[in-house]
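See structure below.
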Amino acid sequence: MNSLPPALQELIAAFAKLPGVGKKTATRLAFHLLSQGRQEGLELSKAILRVKEEIRFCSICFNFTEIDPCPICRDPGRNDKQICVVEDPQTILMLEKTNEYRGRYHVLGGVISPLDGVGPEQLRIKELLRRLGGVEEIIIALTPSTEGEATSIYLAKLIKPQGIRISRLARGIPLGSSLEFVDELTLGKALQARDEL
Ligand SMILES: [Zn+2]
């Protein structure tokens, strides 16, 4: 029998849904918030509301942005001839930190994964194909998993016949590791030494 007040149980359950947060951490976070003043709780809830209300997808690259198109798509100093294809907006953040890339981006919104019911039509592949005019190179920066690999091959089959170079981040990134956990230096090197697909 759970003796916690229902409101507290609800907060714990909400925290426990976050990635990497187990029941124990969720409980600790909820108790921590409860022990703090009203102001701290309000600030957190306001920050959550604000990202939900003010942040949307860029209509060109599908990065998160407050202004559409996003600052990267609006930047006239970037190279229009290269598009780097990523799984999620977080990867853009990491690639930007390497200072090795000055082209544009395209967020697919995932990778092809039949077991999870994700087919090509669930990803922003059509939107990518519409952006290929004038593009000379597509750089694929997907997680090096089986699904990432299958997605890369799928994209190469669609794009290569159009005479566009397709490359992907060089190995050196341990297979199956999420790009999220690769350091900037390794990622920068993988960007420089990319392989032709
Ligand atoms: Zn954009």
Side-chain angles (χ1 to χ4, degrees), residues 18-19 47-113 116 118-145 147-160 162-170 173 178-192 194-195 197:
L18 299 174
I48 294 171
L49 258 181
R50 197 167 160 225
V51 294
K52 288 314 220 181
E53 277 166 5
E54 295 179 18
I55 297 186
R56 65 197 107 180
F57 287 123
C58 169
S59 58
I60 299 174
C61 72
F62 299 94
N63 190 6
F64 286 137
T65 185
E66 280 189 27
I67 308 155
D68 185 25
C70 76
I72 295 176
C73 288
R74 275 184 290 132
D75 185 348
R78 298 192 72 118
N79 183 358
D80 287 321
K81 295 184 171 127
Q82 286 181 323
I83 296 180
C84 179
V85 176
V86 297
E87 227 163 292
D88 49 41
Q90 259 169 288
T91 312
I92 296 184
L93 194 72
M94 294 168 46
L95 288 165
E96 284 298 290
K97 276 196 208 152
T98 68
N99 281 318
E100 293 288 345
Y101 182 68
R102 294 296 298 161
R104 308 285 178 185
Y105 290 99
H106 190 85
V107 182
L108 281 186
V111 284
I112 299 170
S113 177
D116 303 312
V118 182
E121 56 291 339
Q122 268 87 45
L123 305 174
R124 297 187 196 100
I125 293 176
K126 280 191 306 299
E127 291 84 349
L128 173 65
L129 297 177
R130 272 188 229 123
R131 296 180 63 193
L132 297 182
V135 170
E136 290 175 2
E137 183 183 6
I138 294 287
I139 300 164
I140 297 181
L142 300 175
T143 306
S145 60
E147 291 82 9
E149 193 69 11
T151 311
S152 305
I153 294 165
Y154 182 87
L155 290 175
K157 273 192 190 149
L158 283 176
I159 296 167
K160 240 183 155 177
Q162 308 196 30
I164 296 167
R165 192 181 159 210
I166 294 237
S167 60
R168 67 170 154 205
L169 296 192
I173 295 172
S178 168
L179 283 178
E180 209 183 315
F181 302 112
V182 180
D183 66 277
E184 287 147 38
L185 201 71
T186 311
L187 198 58
K189 279 188 191 151
L191 246 174
Q192 281 178 332
R194 49 191 189 270
D195 322 302
L197 210 116

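Just follow the structure's listing: the first ligand is 1, and inside any ligand the first atom is 1. The structure presented is a predicted model; accordingly, all values stated were derived computationally and were not measured.
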Is there side-chain contact between Ile159 and Leu128, with at least one heavy-atom pair below 4.5 Å?
yes
Any side-chain heavy-atom pair from Leu108 and Leu142 closer than 4.5 angstrom?
yes
In this structure, NZ of Lys189 is separated from CG of Leu169 (nearest 0.5 Å) by 14.0 Å
Carefully, step by step, assess Ile166 and Ile140 under the rule side-chain contact (heavy atoms from CB on, under 4.5 Å).
CA-CA 7 Å; Ile166 294 237; Ile140 297 181; 3.9 Å; yes
Listing residue and atom name, which protein N/O/S atoms are closer to the Zn ion (ligand 1) than 2.8 Å?
Cys58 SG, Cys61 SG, Cys70 SG, Cys73 SG
Establish, from distance only, whether the side-chain atoms of Tyr105 and Glu96 form a donor-acceptor pair under 3.5 Å.
yes
Is any side-chain heavy atom of Leu155 closer than 4.5 Å to one of Ile125?
yes
